[in-house]
4 protein chains.
Amino acid sequence: MVGDGVPGRLLSAATKLFAQKGFDRTSVQEIVAAAGVTKGAMYHYFGSKDDLLSEIYGRVLRLQTEQLEKVAATEAPVPERLRRAALDVVVSTIENLDDTKIFLQSVHQLSPDRSRAVRAERRRYHERFRSLIEEGQRAGVFRADKPADIVVDFFFGSVHHLGAWYRTSGKLSAHQVGEHYAGLLLGALRP
Amino acid sequence: MVGDGVPGRLLSAATKLFAQKGFDRTSVQEIVAAAGVTKGAMYHYFGSKDDLLSEIYGRVLRLQTEQLEKVAATEAPVPERLRRAALDVVVSTIENLDDTKIFLQSVHQLSPDRSRAVRAERRRYHERFRSLIEEGQRAGVFRADKPADIVVDFFFGSVHHLGAWYRTSGKLSAHQVGEHYAGLLLGALRP
Amino acid sequence: MVGDGVPGRLLSAATKLFAQKGFDRTSVQEIVAAAGVTKGAMYHYFGSKDDLLSEIYGRVLRLQTEQLEKVAATEAPVPERLRRAALDVVVSTIENLDDTKIFLQSVHQLSPDRSRAVRAERRRYHERFRSLIEEGQRAGVFRADKPADIVVDFFFGSVHHLGAWYRTSGKLSAHQVGEHYAGLLLGALRP
Amino acid sequence: MVGDGVPGRLLSAATKLFAQKGFDRTSVQEIVAAAGVTKGAMYHYFGSKDDLLSEIYGRVLRLQTEQLEKVAATEAPVPERLRRAALDVVVSTIENLDDTKIFLQSVHQLSPDRSRAVRAERRRYHERFRSLIEEGQRAGVFRADKPADIVVDFFFGSVHHLGAWYRTSGKLSAHQVGEHYAGLLLGALRP
DNA sequence: AATGAATGAGTCTTCATTCAT
DNA sequence: AATGAATGAAGACTCATTCAT
């Protein structure tokens, strides 16, 4: 998924370790050992430990943004598009659970610059999602007594929390959880 | 809120700092400086930095568990009791936003023993909440096509996420957010 | 053996702990806990941790010096007096194995003043022993081609080493070991 | 003697300091200062302060074991081989007096694992020495009324004690002391 | 006689990063 | 492209001792 060159192996190793033990608890030494390279090699490709984290963020954000754009641009009726978007974000979150965990635990640990950049991208994503809800509210198919951004935060809280409880070994597939979550969101928005 | 003896001052300082910068990024030196005591004094009262964290957790957990018990034991109809419980947990989470933030960022950084204890308490809390939902499903006032524990995780995700976006300086009061969140939850559960 | 007042209990606890883990590895906290008193109480009776160590030394030294004087003053022939002295010192060393261990491991850790005093006492003891050997050499009953002080160091090395291997649970009694050691010493001195 | 690279300098400095002041009383800071390197450099080569100690032990043990094997494998009559072994161990102990001092004071301060390993090696050494004595007892050239292992402990006590009194500046050379000690041991074993 | 809170200097160790090769 | 030795600042924690009560 990340490629098997040295940078790819480093990214994979870092992702797994950051998700398991957190950014601060993971030493550069551990990362390079897991990737089977030396410290020098890592600093050849990445400027710093922070760099590794930024790179991981970037990848997930780009991925999710692309998916959302694709769904939102569809011709389907709003509720259907929202349902699809909600389902997709749950499924892709579960498929990249490590990245999501890192995301939540470690944004604060990025340098101010990088943190800002990541947040901006995140905000754009949320805004795209919110515009979908507002469209439905204006069309009268969604209840309008709840501010759209509250609904967005409500829903993305649930999504971010997936990493805290979802286990691949559990009895629900990613898709099933996605259907439930989308169903709850749509249910909550019924007029 | 925590008392003004040395232990109380340490707990307050630690809470604020852990919430701001995360557990790992906060040094014992910073904590004692903020509390105006010496390192030795801290280690006189708390066995370790972990101890401080556990103590903070314990307080919040006890507080929220008590509140939930009180509401759940009421005579009101289930939807009303669930609405109250949801409202309460949002309000109390916002009122103790620092503790909540710490909770989410740092449970993983406790020693295995302590982490287990905290999780167990947390689970009991969720189970109490879930039993309220199941009661409503059996009574036919809540839709039964969504597993109750999925609903619990869905809702608590939203609650935990509050720390990520809610600002005291924003335009919504804790109570208003609580009403919205409770409304969305109840809406999602309508048959 | 040391009395059961607070000072006695402290001395006993300290002796056991120092022998087990060494002076530096034993904290004042552990000593007072083992003695069932508080730190303040300890500092009421002893000026410092070093003080405790000096006190322990003093006791053993006095004990062994007294025994030696008693044996040496006897009317028996020299070889018999030396045999008795050697036997006695082995038996009493084994009976106070903890003190002996402490002695060897920790003399260097006393303050210069105290270390000097302890060494001086030790030297007097060795000199008394040496004079017994010299007496036998002059009388022609001990070989004279080995300097007496070399013999003393040779023998006391063996004695000090007892703490490193002797176990109460082993198959030899203190007295049996004493007989063997005295026998080896006398054997080595045969003309 | 240890080489003059960074690890060698560290080992030399540590040996001298441990012998002078004891393991616990010597700080890592002092060692690196004496070796003229930084703390980080030390931890690059040695995993811990204990590691340094283990390394020092290892060297002496290997040295002495080799010497003993060489002498024991000789064709000479047993008493002569024992005399040579005794002489050698005294001379080599005096030549590495620092290491020996450390040995005695600090084995107890190693981690259980390492302590076990060092003791095991030590035991093998003693057993080789003991087999020499037993050989002589079976051949009837040594008295058989003293258990061989008691004799070994008796003699090695004397040897270990050398560090407590031998001074290079004294009037006896290492070789002279060795002759005396070997003479006393052989004398003690005469039938 | 005894307490126990508080001190503050000191301990070992970790770690991201640099740099000559 | 890659190594690995070396740095130096910072980390959590320990402990003998003091002192007001």
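In the text below, chain A, chain B and the rest are named by the order of the sequence lines, each starting its count at 1. Please read these numbers as outputs of a predicted model, since none were measured by experiment. Just so it is clear, the values below take in all heavy atoms, side chains as well, and ignore hydrogens, waters and symmetry mates.
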Check whether any side-chain N or O of A:His44 sits under 4.0 Å from OP1 or OP2 of F:dA2, and answer yes or no. no
Looking at D:Tyr45, does any N or O in its side chain come under 4.0 Å of the phosphate oxygens OP1/OP2 on F:dA6? yes
If I take atom CZ in residue A:Arg25 and atom P in nucleotide E:dA16, what distance separates them, rounded to the nearest angstrom? 13 Å
Is D:Lys16 atom NZ crowded by more than 12 heavy atoms from other residues, nucleotides or ligands, each under 6.0 Å away? no
With DNA chain E as reference, determine whether D:Glu30 or C:Lys39 sits nearer its 5' end, using the nearest nucleotide of each. C:Lys39
Identify whether any heavy atom of C:Val37 sits under 4.0 Å from a base atom; if not, whether one sits that close to sugar-phosphate; answer base, sugar-phosphate or nothing. nothing
Side chain of A:Ser48 (C-beta onward), nearest among E:dC12, F:dT3, E:dT17: E:dT17
Below the 4.0 Å mark, does F:dC13 have OP1 or OP2 next to a side-chain nitrogen or oxygen of B:Tyr43? yes
Please state how far atom CZ in B:Phe46 lies from atom C1' in F:dA12, giving the value in whole angstrom units. 16 Å
For A:Lys49 and A:Ser27, indicate whether the former's side chain and the latter's backbone hold a donor-acceptor pair under 3.5 Å. no
Pairing partner of E:dA6, by Watson-Crick or G-U wobble and under 3.5 Å for both distances, is F:dT17
Among E:dG4, E:dT7, E:dT17, which nucleotide sits nearest the side chain of B:Thr38? E:dT7
Using a 3.5 Å distance criterion without hydrogens, assess whether the side chain of C:Arg9 forms a donor-acceptor pair with backbone atoms of C:Ala35. yes
Starting at the 5' end of DNA chain F and moving along, which residue's nearest nucleotide shows up first, C:Ser27 or B:Gln29? B:Gln29
Assign each of A:Met42 and C:Ala41 to its nearest nucleotide of DNA chain E by heavy atoms, then name whichever residue's nucleotide is nearer the 5' end. C:Ala41
I'd like to know whether A:Val32 forms a side-chain contact (heavy atoms from CB on, under 4.5 Å) with A:Gln29, so could you lay out the CA-CA distance, the side-chain angles of the two residues, the decisive distance to 0.1 Å, and finally the verdict. CA-CA 5 Å; A:Val32 299; A:Gln29 184 53 48; 4.0 Å; yes
Output yes when at least one side-chain N/O atom of B:Lys49 is less than 4.0 Å from OP1 or OP2 of F:dA12, else no. yes
Closest to the 5' end of DNA chain F, once A:Gly40 and C:Gly47 are matched to their nearest nucleotides, is A:Gly40
Quickly, which of B:Val37, B:Thr26, B:Thr15 forms a side-chain contact (heavy atoms from CB on, under 4.5 Å) with B:Ile31? Name it, please. B:Thr26
